[in-house]
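What follows is a short report on a single structure.
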Amino acid sequence: MGPPGAGKGTQAKKLTARFGWRHLSSGDILRAEKAAGTALGKNLAEYMDTGKLVPDDIVVDVMAAALGANNASGLLLDGFPRTVEQAAALDAQLAKAGKALDAVGVMGADEAMIVRRISGRRSCPQCGKVYHVETLRPRKEGVCDDCGAKLVQRDDDREEVVRRRLEAYRRQTEPVIAYYRARPGLKVIDVDGGGTPDAVLKTLAAELAALGVGSR
Ligand SMILES: [Zn+2]
């Protein structure tokens with residue numbers, strides 16, 4: 001868990017590669033649904049393009065379907081649950097399957113850094129590769145290194161949208177972290193999202209290994 005731009009997606013990819021888990025990103029799943037242009041996708045676009053949180057019942061339905069299809073040895077949830085209502089719905093789903101959360105990772109990050117990180121992102125609409133105007137520039141400005149397509153700024157990476165997402169995070173998602181911290185026996189791992197990706201990974205992987213989660 002952590003605000004948008006804290007680096008959750010990057011860590012999720014690294015951790016799932018290391019431990020052989022499946023990465024379930026609500027952002028990826030919802031964006032795929034939106035891109036498919038279904039009735040649900042069109043409904044989603046209205047929320048996602050303006051930085052509003054997608055309503056709980058829609059997210060829970062989409063994520064429950066993805067959870068049900070899972071048969072990996074472990075599952076890493078990225079961007080879900082995002083509200084206390086979603087967290088309660090997840091608990092109910094897991095209980096039904098006889099499973100439980102092993103750990104919750106919380107990535108803290110400074111808001112000014114987040115705005116710089118996200119609003120500088122540029123994406124390739126063709127292959128999905130992500131660049132940054134300051135830290136990860138393509139060889140030729142505005143053009144994808146791999147496929148030559150013209151880079152774009154995703155609607156939900158625009159600065160005013162980022163600020164709305166941060167506000168929504170504070171209001172709706174920070175209470176989820178408090179909800180998990182209050183649970184006896186559930187390990188909450190705090191890391192500084194301002195560190196380098198490798199430093200953050202090292203901390204997360206060591207804490208998970210100490211719990212015995214990584215070796216299962
Ligand atoms: Zn490309």
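What's counted below: heavy atoms across the whole structure, side chains too, no hydrogens, waters or symmetry copies. Remember, it's a predicted structure, so these values are computed and weren't measured experimentally. Every number for a ligand or one of its atoms is a count from 1 in the order of the listing. For reference, positions follow the sequence shown, starting with 1.
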(request) Before accepting this row, confirm whether a basic side-chain N of the pair D78/K13 lies closer than 4.0 Å to the acidic partner's carboxylate O. (result) no
(request) State whether E160 and R164 are salt-bridged, where the test is any N-O pair (Lys NZ or Arg NE/NH1/NH2 against Asp/Glu carboxylate O) under 4.0 Å. (result) no
(message) Quick one, K14 with D198, criterion salt bridge (charged side-chain N to carboxylate O under 4.0 Å, His left out). Give me CA distance, side-chain angles, the key distance, then yes/no.
(response) CA-CA 9 Å; K14 287 174 183 284; D198 284 342; 3.7 Å; yes
May I have the list of side-chain donor-acceptor pairs in residues 180-188 shorter than 3.5 Å, sequence neighbours left out?
unit_1, atom_1, unit_2, atom_2, d
R181, NH1, D190, OD2, 3.0
R181, NH2, D190, OD1, 2.8
R183, NH1, D91, OD1, 3.4
R183, NH2, D91, OD2, 2.8

(request) Hey, could you give me the CD/CD1 distance between Q86 and I58, rounded to the nearest 0.5 Å? (result) 10.5 Å
(request) Determine yes or no for a side-chain-to-main-chain donor-acceptor pair under 3.5 angstrom, with Q11 supplying the side chain and P197 the backbone. (result) yes
(request) Anything protein N/O/S under 2.8 Å from the Zn ion (ligand 1)? Just list residue and atom, please. (result) C124 SG, C127 SG, C144 SG, C147 SG
